[in-house]
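In what follows, every chain begins at residue 1, and chains take the letters A, B, ... in the order their sequences are listed. All of these numbers come straight from a predicted model, not from anything done at the bench.
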Protein chains: 2
Amino acid sequence: MRLLAVEDDPVIRKDVKAALQASGFHVETAEDGEDAWFLGDTEDYDLVVLDLGLPGMDGLSVLKRWRANGREMPVLVLTARGAWHERVEGIEAGADDYLPKPFRMEELVARARALVRRSVGQGSPVQTLGDLAIDTNRMAVSVRGVPVSVTALEYRLLSYLMLHRDRVVPPTELLEHLYGDDDAREANALEAILTRLRKKLGAGVIGTRRGFGYFLDAAEGRG
Amino acid sequence: MRLLAVEDDPVIRKDVKAALQASGFHVETAEDGEDAWFLGDTEDYDLVVLDLGLPGMDGLSVLKRWRANGREMPVLVLTARGAWHERVEGIEAGADDYLPKPFRMEELVARARALVRRSVGQGSPVQTLGDLAIDTNRMAVSVRGVPVSVTALEYRLLSYLMLHRDRVVPPTELLEHLYGDDDAREANALEAILTRLRKKLGAGVIGTRRGFGYFLDAAEGRG
DNA sequence: TTTGCACTGACAGTTCACTGACACTCATCG
DNA sequence: CGATGAGTGTCAGTGAACTGTCAGTGCAAA
């Protein structure tokens with residue numbers, strides 16, 4: 001899960017980042033409206049947490065410009081306490097949820113998860129790409145219809161690649177997703193998981209772009 | 001059965017909670033629309049009892065937002081006496097049943113049970129999966145037609161797995177369902193119940209997906 | 001050819017789930 | 001009131017599955 005947190009207060013920003021990272025998000029941050037707008041417009045995030053009170057371009061304007069440019073990622077807006085007009089304007093500008101300050105970190109995490117679940121979990125719980133199929137309800141994986149037994153880490157790695165099927169995912173990002181910053185492992189741990197997973201799935205499912213990262217190979221099985 | 005009761009009047013809330021707990025529901029409560037919406041959007045309930053007259057966000061808005069977000073749990077709406085327009089609006093907003101105030105607690109319990117039964121079993125109170133059969137009226141369990149005597153906790157665990165037969169249920173969720181957030185037990189308590197239950201049901205009924213959770217094994221007895 | 005990233009198999013430590021034993025609580029009954 | 005038994009949580013031990021590390025190999029890019 002790739003997430004952008006936009007918050008100008010360095011203390012809150014640090015706390016928010018820590019809490020979201022602890023619950024498995026890969027968190028990037030922006031401090032002002034200009035940076036936020038640029039990142040949100042050029043990068044692909046699964047979720048954006050956006051403070052409305054920002055220096056430079058204010059949050060509402062950022063959100064409106066994203067939506068005007070067709071950026072559809074879910075956005076969770078942080079508003080000052082009691083600022084009802086901000087909430088209404090936020091919803092109208094295209095926010096998917098709002099959270100009034102001050103808030104407990106657990107609440108932020110819960111809402112973030114709910115938003116992601118909602119945006120991801122629409123439609124069939126079975127995602128397919130080429131010969132590969134992942135049933136996110138049963139945590140089950142199959143290739144060409146044949147069930148493949150995968151472990152917890154293997155499954156998380158695979159579903160992350162499936163979620164970001166449209167790009168090459170760097171190993172650092174995969175490591176962060178699997179372990180978080182807290183207990184970092186060596187890069188080789190990731191390679192070990194990949195080796196085992198490839199042995200189970202067969203060749204050609206997970207591709208490598210040397211120096212950049214890994215990706216799901218859609219060409220396999222041509223469709 | 002996990003249930004959310006939304007009611008601002010503390011006296012009624014207490015009575016409702018007591019009555020529903022006495023009939024076997026695990027009851028959580030919310031006092032205003034904001035809390036209700038958040039809980040209903042982030043937690044998984046088997047039933048919601050919702051008073052329409054609430055401070056903050058009113059009940060109808062809460063219900064509409066749940067449905068707009070794809071939350072499908074059955075909702076029983078409580079309306080003021082004679083407020084016909086509220087009932088109509090409630091049904092249109094996605095309520096599954098309504099109950100005009102004042103009401104007798106027995107009636108509330110009866111309707112709550114009916115709603116859960118309707119949403120779970122398609123009319124029949126007996127649900128089957130593979131060799132397993134659960135009679136939700138009698139709280140009776142049988143395997144291959146042979147009655148099995150189960151305790152209260154075992155039954156609740158089993159019926160919850162039956163309710164969510166289409167997915168793997170994490171142990172944390174099972175713990176929440178069995179005990180609620182209030183008095184948490186160690187994960188081992190769950191495993192103890194599972195061991196006893198499996199001994200009664202025989203092998204192959206309840207499956208484990210290591211690192212994810214538990215599920216009812218439909219393949220057993222093939223049908 | 002050189003360089004360095006990526007891959008692999010083997011191994012060992014760790015974690016996870018399961019299980020039996022025991023203790024505690026509570027209701028029932030004499 | 002005390003005995004009894006069912007139900008259930010906790011503890012501790014076990015075995016198996018999982019996974020990180022290591023050491024060595026392969027291979028792509030420059």
Side-chain angles (χ1 to χ4, degrees), chain A residues 24 139-141 147-161 168-217, chain B residues 21-22 24 26 139-141 148-161 168-217:
Chain A
M139 318 287 181
V141 176
V148 175
S149 160
V150 298
T151 69
L153 270 181
E154 288 166 1
Y155 177 85
R156 290 215 287 147
L157 172 54
L158 200 55
S159 63
Y160 192 84
L161 288 179
V168 174
V169 182
T172 52
E173 184 180 334
L174 286 171
L175 282 168
E176 277 196 42
H177 173 70
L178 291 180
Y179 307 110
D181 297 333
D182 313 324
D183 58 340
R185 308 300 160 92
E186 296 191 9
N188 205 348
L190 180 65
E191 293 162 6
I193 297 173
L194 273 163
T195 294
R196 292 170 193 135
L197 196 45
R198 280 170 166 156
K199 200 176 294 180
K200 291 179 182 179
L201 299 177
V205 176
I206 300 176
T208 303
R209 179 133 295 171
R210 198 181 173 92
F212 294 99
Y214 302 91
F215 59 96
L216 286 187
D217 195 344
Chain B
Q21 278 181 336
H26 169 63
M139 293 197 169
V141 176
V148 175
S149 159
V150 297
T151 69
L153 272 180
E154 288 166 1
Y155 175 83
R156 289 176 59 194
L157 171 54
L158 201 55
S159 64
Y160 193 82
L161 288 179
V168 173
V169 183
T172 52
E173 184 179 335
L174 287 172
L175 283 168
E176 272 190 27
H177 173 72
L178 291 180
Y179 307 110
D181 301 328
D182 314 323
D183 57 341
R185 307 299 160 90
E186 296 193 8
N188 207 347
L190 181 64
E191 293 163 7
I193 296 174
L194 272 163
T195 294
R196 292 167 191 141
L197 193 47
R198 279 170 167 157
K199 202 175 293 180
K200 292 179 181 177
L201 298 176
V205 177
I206 301 177
T208 303
R209 181 128 289 174
R210 194 185 171 96
F212 293 105
Y214 302 91
F215 61 96
L216 286 187
D217 197 343

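Of the side-chain N and O atoms in B:Y155, none sit less than 4.0 angstrom from OP1 or OP2 of D:dT8. The shortest distance between the side-chain N/O atoms of B:Y214 and the OP1/OP2 oxygens of C:dC18 is below 4.0 Å. OP1 and OP2 of C:dC7 both lie 4.0 Å or more from every side-chain N or O belonging to A:K199.
Within the structure, every pair that satisfies the side-chain hydrogen bond (donor to acceptor under 3.5 Å, both in side chains) test and touches residues 184-196 of chain A, not counting sequence neighbours, is listed here: A:D183-A:R185.
Look at CD1 on A:I206: it is 15 Å from P on C:dA6, rounded to the nearest Å. Per the geometry, CZ belonging to B:R198 stands 16 Å off C1' belonging to C:dG20, to the nearest Å. In this structure, B:R209 places its CZ atom 23 Å from P of C:dT15, rounding to the nearest Å. If you take CD of B:E191 and C1' of C:dT15, they are 12 Å apart, rounded to a whole angstrom. With rounding to whole Å, B:L194 atom CG is found 17 Å from D:dG7 atom P.
A distance of 11.0 Å separates CG of A:L174 from CZ of A:R156, quoted to the nearest 0.5 Å. A distance of 8.5 Å separates CG in B:L197 from CG in B:L161, rounded to the nearest 0.5 Å. Note that CG of B:L153 is 10.0 Å distant from CG of B:L190, once rounded to the nearest 0.5 Å.
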Could you check A:E154 against A:L201 for side chain to side chain contact (heavy atoms under 4.5 Å, CB included), going step by step and ending with a plain yes or no?
-> CA-CA 11 Å; A:E154 288 166 1; A:L201 299 177; over 6 Å; no
N/O-N/O pairs, protein side and nucleotides 25-27 of chain C side, under 3.5 Å:
none

Which letter, B, S or -, goes with each nucleotide of nucleotides 13-20 of chain D from 5' to 3', with contact meaning a protein heavy atom under 4.0 Å?
-> ----BSBB
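Summary for the helix from C:dT1-D:dA30 to C:dG30-D:dC1: the axes at its two ends, each from 5 pairs, differ by 30° when rounded to the nearest 10 degrees.
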Side-chain polar contacts of residues 202-216 of chain B - donor-acceptor pairs under 3.5 angstrom, sequence neighbours left out - could you list them?
unit_1	atom_1	unit_2	atom_2	d
B:T208	OG1	B:R198	NH2	2.6
B:R209	NH1	A:R138	O	3.2

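In terms of heavy atoms, A:Y155 sits closest to A:A140 at CE1-N, 4.2 Å. When every heavy atom of A:L178 is checked against every heavy atom of A:L157, the shortest pair comes out as CD2-N, 3.9 Å. The two residues B:A187 and B:L175 have their closest heavy-atom pair at CA-CD1, 4.0 Å.
Residue contacts shown for A:T195 include a base, since a base heavy atom lies under 4.0 Å away.
By the ring-ring contact (aromatic ring centres under 6.0 Å, His included) test, B:Y160 is found to be paired with B:H164, B:H177, residues two or more places apart in sequence or in another chain being considered.
In this structure a side-chain-to-backbone donor-acceptor pair under 3.5 Å is missing from B:E173 to B:P170.
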